[in-house]
Amino acid sequence: MTDKQQPAPANRRLSVAPMMDWTDRHCRYFHRLLAPSAWLYTEMVTTGAILHGDQPRHLDFDDAELPVALQLGGSNPHELAQCARIGEQWGYSEINLNVGCPSDRVQRGVFGACLMKQPPLVRDCLAAMQDAVSVPVTIKTRIGVDDYDSWDFLRDFVGEVARSGVSVFILHARKAWLSGLSPKQNREIPALEYDKAQRVKQTFPELQIIVNGGITCVEDAHQHLAYSDGVMLGRAAYQTPWVLSQCQQALFADAAPLDRTAVMQKMIAYCEQQQRHGVKPRHIGRHLLGLYHAQPGARIWRRWMSDCLQRNAPASDWLEPFRSKQIQAA
Ligand SMILES: Cc1cc2nc3c(=O)[nH]c(=O)nc-3n(C[C@H](O)[C@H](O)[C@H](O)COP(=O)(O)O)c2cc1C
């Protein structure tokens with residue numbers, strides 16, 4: 001174990017959650033345009049994938065995405081330390097440990113949410129990771145798992161894990177049920193208990209507590225920032241990405257106003273540049289489908305965009321309904 005207490009970066013008021021199949025590098029490039037001050041996270045990458053797989057495929061990113069955290073899945077302190085070191089060398093701003101994923105695949109590998117049942121192991125994993133790197137090491141965890149769901153359990157878990165020296169806790173404010181619920185149901189069915197996240201902050205004021213789960217708009221963000229150090233948006237950021245731009249405006253003094261079409265034009269330029277490296281327009285365009293959500297013409301544009309993606313049309317076509325005045329630019 002280390003007695004090294006990591007200094008946390010100054011401002012973690014806004015983050016976008018790690019989301020498998022969603023927050024790939026192209027999605028993060030898009031989110032960065034919308035929220036220049038947000039912390040971004042990779043999808044979870046297992047230690048096995050890094051140590052035995054195609055590292056550039058799992059780890060490459062564009063410098064424009066920074067600051068970006070690499071989220072690791074694993075439970076072997078030595079392997080996690082090795083992967084943390086690789087992540088730091090690759091240029092990641094933070095290394096995060098996943099203690100929240102409830103999927104069967106993850107449970108078979110004995111990591112993710114089931115690790116909550118072994119607080120000393122989580123502590124040792126984080127301590128080993130911290131010893132290996134100088135960038136911050138953080139944890140993203142549930143507030144309980146199965147019948148380990150009392151306040152006393154959560155308090156003792158946080159207390160034990162904090163002994164590793166990790167000072168940034170991202171709390172997905174609902175417990176996980178490991179049997180009987182799918183990962184999707186595990187994001188809906190167990191109730192959100194923000195009061196527990198608040199109590200963690202009151203009990204451990206020296207820790208940075210980032211609240212995650214069910215935050216969908218600026219008003220929600222303000223409500224949770226009243227007692228915590230930051231908010232992390234997941235599904236809302238992906239499905240209604242303009243909320244990131246609204247949060248950026250509301251939470252950071254120096255935010256420059258944006259418009260959707262300017263963001264689209266930057267994404268078209270990015271796509272054209274990525275195509276030169278063999279990336280197909282649909283790999284990038286799929287992340288943009290929610291951009292005009294609730295705007296006039298949103299449905300027409302989404303249909304047009306889906307069609308473009310299906311036939312792999314060039315990115316320069318993406319704004320055609322605006323050019324042809326089928327939709328008025330928002
Ligand atoms: C499609 C999808 C994939 C996810 N993958 C991960 C993951 O790789 N690592 C992780 O810690 N959480 C993952 N999550 C959980 C989110 O990070 C977040 O904790 C959860 O969605 C609750 O936040 P929200 O209500 O703002 O969406 C995933 C969620 C979704 C919807």
Side-chain angles (χ1 to χ4, degrees), residues 12 14-25 27-28 31 35 38-50 58-59 68-75 80 83 87 94-107 109 111-116 122 125-126 137-145 168-178 181-194 196-197 209-221 223-225 228 230-241 243-244 246-247 286-287 289-290:
R12 291 175 174 276
L14 177 64
S15 324
V16 182
M19 288 178 283
M20 205 66 121
D21 294 331
W22 289 7
T23 53
D24 65 14
R25 52 181 301 187
C27 179
R28 296 193 303 265
H31 287 167
W39 277 82
L40 303 181
Y41 285 75
T42 65
E43 309 159 87
M44 180 184 72
V45 188
T46 63
T47 49
I50 293 178
H58 293 299
L59 297 178
V68 54
L70 170 64
Q71 188 187 60
L72 295 177
S75 60
L80 283 165
C83 291
E94 167 190 317
I95 313 293
N96 175 268
L97 180 64
N98 181 329
V99 186
C101 182
S103 83
D104 288 345
R105 190 173 69 87
V106 161
Q107 281 183 65
F111 55 91
C114 63
L115 275 182
M116 278 199 93
V122 177
C125 288
L126 291 165
V137 171
T138 65
I139 175 173
K140 179 168 180 281
T141 181
R142 298 279 182 142
I143 54 167
V145 59
V168 179
F169 281 65
I170 301 161
L171 295 180
H172 180 180
R174 52 162 60 90
K175 68 182 253 186
W177 272 117
L178 293 184
L181 293 188
S182 68
K184 190 163 189 285
Q185 288 172 316
N186 259 304
R187 289 179 217 121
E188 296 290 352
I189 293 176
L192 283 159
E193 297 180 81
Y194 296 123
K196 283 194 178 157
I209 303 300
I210 314 300
V211 184
N212 167 242
I215 300 171
T216 62
C217 59
V218 168
E219 292 69 31
D220 291 351
Q223 187 191 326
H224 294 291
L225 283 166
S228 70
V231 289
M232 173 181 269
L233 278 70
R235 288 162 292 185
Y238 192 82
Q239 288 158 353
T240 55
V243 71
L244 290 178
Q246 291 168 328
C247 285
R286 72 186 182 104
H287 301 302
L289 290 167

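For ligands, and for the atoms within them, numbers begin at 1 and follow the listed sequence.
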* Measure from atom 13 (C) of ligand 1 to every heavy atom in S15, P18, A113, G73 and give the option owning the shortest one. => P18
* To do: Could you check if a side-chain atom of I139 sits within less than 4.5 angstrom of a side-chain atom of I170, using non-hydrogen atoms only?
  => no
* With atoms numbered from 1 as shown, which atoms in ligand 1 lie under 4.0 angstrom from a non-hydrogen atom of N98? -> 9 (N), 10 (C), 11 (O)
* Asked: Please walk me through it: do L115 and N98 pass side chain to side chain contact (heavy atoms under 4.5 Å, CB included)?
  -> CA-CA 9 Å; L115 275 182; N98 181 329; over 6 Å; no
* Taking the side chain as every heavy atom from C-beta outward, state whether W177 and I189 have any pair of such atoms under 4.5 Å apart. => no
* Residue and atom name of the nearest protein heavy atom (relative to atom 2 (C) of ligand 1), distance in Å to one decimal -> R187 NH2, 3.7 Å
* **Polar atom proximity, M20 to ligand 1 (N or O, under 3.5 Å)** => yes
* To do: Look at the aromatic rings of H287 and Y238 and report parallel, tilted or perpendicular, splitting at 30° and 60°.
  => perpendicular
* Asked: Is there a heavy atom in D21 that sits closer than 4.0 Å to ligand 1?
  -> no
* May I ask you to test the D24-R286 pair for a side-chain heavy-atom distance under 4.5 Å? => yes
* Tell me, do R142 and N186 make a side-chain contact under 4.5 Å, heavy atoms counted? -> yes
* To do: For side chain to side chain contact (heavy atoms under 4.5 Å, CB included), just list the numbers for Y41 and H31, CA-CA rounded to whole Å, side-chain angles, deciding distance to a tenth of an Å, and then say yes or no.
  => CA-CA 11 Å; Y41 285 75; H31 287 167; over 6 Å; no
* Structure fact -> Note: heavy atom closest to atom 10 (C) of ligand 1, options M44, R174, K140, E43, belongs to K140
* **Non-hydrogen atom of G214 closer than 4.0 Å to ligand 1** => yes
* T138 versus I210: any side-chain heavy-atom pair under 4.5 Å? -> no
* Asked: If every non-hydrogen atom of A173 is compared with every non-hydrogen atom of Y194, which pair is closest and at what distance?
  -> CB-CD2, 3.9 Å
* Asked: Is R235 touching ligand 1 with its side chain, its backbone, both, or neither, if touching means heavy atoms under 4.0 Å apart?
  -> both
* Asked: What part of M19 sits under 4.0 Å from ligand 1 if we count only heavy atoms: the side chain, the backbone, both or neither?
  -> both
* What is the nearest protein non-hydrogen atom to atom 26 (O) of ligand 1, stated with its residue, atom name and distance? -> G234 N, 2.8 Å
* Asked: Which residue owns the protein heavy atom closest to atom 20 (C) of ligand 1, what's the atom, and how far is it?
  -> H172 CE1, 3.8 Å
* Proximity of Q71 to ligand 1 by residue part, where a heavy atom lies under 4.0 Å -> side chain
* **Pairwise side-chain contact, K140 with C101, heavy-atom cut-off 4.5 Å (strictly under)** => no
* Asked: So, does G213 sit close enough to ligand 1 that a heavy atom of it is under 4.0 Å from the ligand?
  -> yes
* To do: Please work out whether any backbone atom (N, CA, C, O) or any side-chain heavy atom from C-beta onward of W22 is under 4.0 Å from ligand 1, and answer side chain, backbone, both or neither.
  => side chain
* Asked: Nearest protein heavy atom to atom 23 (O) of ligand 1, by residue and atom, and its distance?
  -> N212 ND2, 3.0 Å
